[in-house]
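Atoms considered below: every heavy atom in the structure, side chains included; atoms not considered: hydrogens, waters and symmetry mates. All ligand and atom numbering here is 1-based and tracks the order in the structure.
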Amino acid sequence: MHRVAPHLDIPIRQDDLRAHNLVLTFRQIVAAHDTPISRSELATATGLTRPTISRIVDDLLTAGLIVEAGPARSGSSGRPRVGLSLARTGPAGLGLDIRADVLSACVVDLTGAVRHLDFVPHTGTEPATVLPSLAAMADRAVQAAAAENLTVVGATMAAPGPVQDDSIVRFAPMLGWRDVDAGAALSAAISPGSAVLPVLVGNDARLAALGEWHAAGQTMRNFVCVSGEFDIGAGLFLDGAQLSGWAGELGHVMVRSDGPSCACGAAGCLQCYAGLTAILAAATGRGREDGSSPAVAIDTLVSVGDPRILDTLDDAAVALGIAIAGLVNLVTVDTVLLGGSYSLLASWLVDGIDRELRRRVLSANWAPIEVRPAPLGPDAAVIGAALSAVNRVREDPNGWLARVRSR
Ligand SMILES: [Zn+2]
């Protein structure tokens with residue numbers, strides 16, 4: 001007889017109960033990260049009996065989702081305990097991202113480790129150009145993963161704008177996309193003729209925040225990751241959980257009501273002052289060249305000490321500080337990560353943002369906010385996209401087990 005988890009007080013079929021207990025146990029192994037966890041620790045953590053845990057562990061080992069990691073530590077009886085860890089082979093997630101200068105593809109394994117990272121220069125921003133290029137990169141990534149005994153179970157594309165139904169890019173002003181069902185298009189274009197790979201689409205800033213959170217050991221609880229790529233977006237974690245929904249378009253928060261027109265149709269948006277293309281245009285009088293990285297161009301001007309770029313970056317920092325202060329007055333965060341290409345320019349942005357936060361956030365005197373560059377930087381969105389794809393197995397491995405059994 002299997003015990004019912006405490007929070008499940010509804011009548012439940014035996015099959016459902018087995019599936020539920022498997023999820024409960026597997027999530028403990030996922031949550032242990034790189035630290036092997038023993039069968040008895042799993043029994044304690046889940047409240048399930050030792051025989052139930054043994055059967056579930058056998059199922060997970062047979063399905064190749066976990067491995068025995070050798071005697072990890074000694075129990076109180078002195079008997080060595082066999083530790084269990086996530087497998088480095090088996091299911092993997094694929095991420096795809098559109099940056100100003102490159103398209104990128106990434107594969108992560110079940111542990112979240114990056115196993116493949118590929119970049120291809122842009123040849124245009126229209127969906128008809130970008131989506132087939134991404135599909136070709138996805139096919140290469142799936143093959144590269146297979147060579148390492150990894151099976152890509154799903155893909156996520158990062159899009160710079162609001163996304164509906166995990167598939168339709170409703171509006172990406174900086175790409176010029178409207179109502180593009182990128183999920184359906186990519187799913188149809190990747191590996192035609194073979195099994196359909198599910199492709200979801202997510203907001204790039206939100207996926208970047210997920211990537212940074214994972215890279216930081218999943219311990220940060222309250223933070224915002226402000227990413228500057230094509231567009232400025234924000235991904236927010238509160239109480240250790242990521243906020244979902246439409247919001248996060250920090251780039252279109254108004255900074256000045258009398259400001260210039262924005263690509264979104266409004267005026268005076270943060271994007272007009274702190275967008276990478278806007279910074280470059282303000283300092284040089286011209287925009288970026290197609291397919292080039294505005295962050296690299298800005299960094300080059302900074303390195304030669306161009307005074308106009310330094311002034312423009314100061315202004316951008318003030319505008320960012322004003323917009324972020326508006327956010328931090330509404331929700332409690334202790335850290336602001338400067339993500340995407342902002343991480344490369346953080347040295348010239350942190351002080352100005354910090355100054356505005358101290359000035360404008362009422363609680364700043366008692367609850368200081370740390371502003372710092374995000375470690376993954378421009379790669380965070382594609383890594384976060386790949387993580388979100390493999391998270392479907394990390395959260396519920398029953399589909400993978402059924403797939404293995406049907407082979
Ligand atoms: Zn706007």
Side-chain angles (χ1 to χ4, degrees), residues 97-101 125-127 130 158-164 168-180 182 201-209 224-236 243-288 290 293-295 297-298 312-331 336-342 345 349 352-353 356-357 360 378 381:
D97 185 30
I98 309 160
R99 276 156 48 180
D101 55 337
T125 56
E126 311 75 30
V130 169
V163 176
Q164 190 167 25
I168 305 165
V169 182
R170 280 299 178 203
F171 186 30
M174 307 312 287
L175 281 177
W177 290 16
R178 270 187 195 276
D179 303 324
V180 177
V201 182
N203 175 268
D204 61 350
R206 202 169 299 145
L207 291 166
V224 60
C225 179
V226 178
S227 290
E229 282 302 336
F230 263 120
D231 217 332
I232 304 166
L236 192 60
L243 244 59
S244 58
W246 289 96
E249 297 300 330
L250 191 71
H252 302 285
V253 165
M254 188 190 73
V255 176
R256 289 185 59 156
S257 61
D258 59 348
S261 308
C262 177
C264 74
C269 298
L270 176 63
Q271 189 71 35
C272 305
Y273 301 96
L276 296 173
T277 311
I279 292 173
L280 194 59
T284 63
R286 59 182 194 280
R288 73 182 182 96
D290 266 357
S293 161
I298 293 167
T312 311
L313 283 167
D314 283 347
D315 294 344
V318 170
L320 276 165
I322 292 170
I324 296 169
L327 176 74
V328 181
N329 270 322
L330 291 177
V331 295
V336 175
L337 291 180
L338 295 181
S341 289
Y342 280 156
L345 305 170
L349 296 174
I353 295 171
E356 291 303 317
L357 293 182
R360 296 173 187 275

Over all atoms of both residues, closest heavy-atom pair of Ala295 and Ser341: CB-CB, 3.5 Å

Flag the pair Leu250 / Val224 as yes when at least one side-chain heavy-atom distance between them is below 4.5 Å, and no otherwise. no

Distance-only donor-acceptor hits, side chain of residues 316-326, under 3.5 Å, sequence neighbours excluded:
none

Quick one, Cys269 and Cys264 - any side-chain contact, counting heavy atoms below 4.5 Å? yes

Among pairs that include at least one residue of residues 250-268, which meet salt bridge (Lys or Arg N to Asp or Glu O under 4.0 Å), considering only residues two or more places apart or in two chains? Arg256-Asp258

Atoms listed for the Zn ion (ligand 1) (protein only, N, O or S, under 2.8 Å, no waters) are His252 ND1, Cys262 SG, Cys264 SG, Cys269 SG

Glu249: what forms a salt bridge (Lys or Arg N to Asp or Glu O under 4.0 Å) with it, not counting sequence neighbours? none

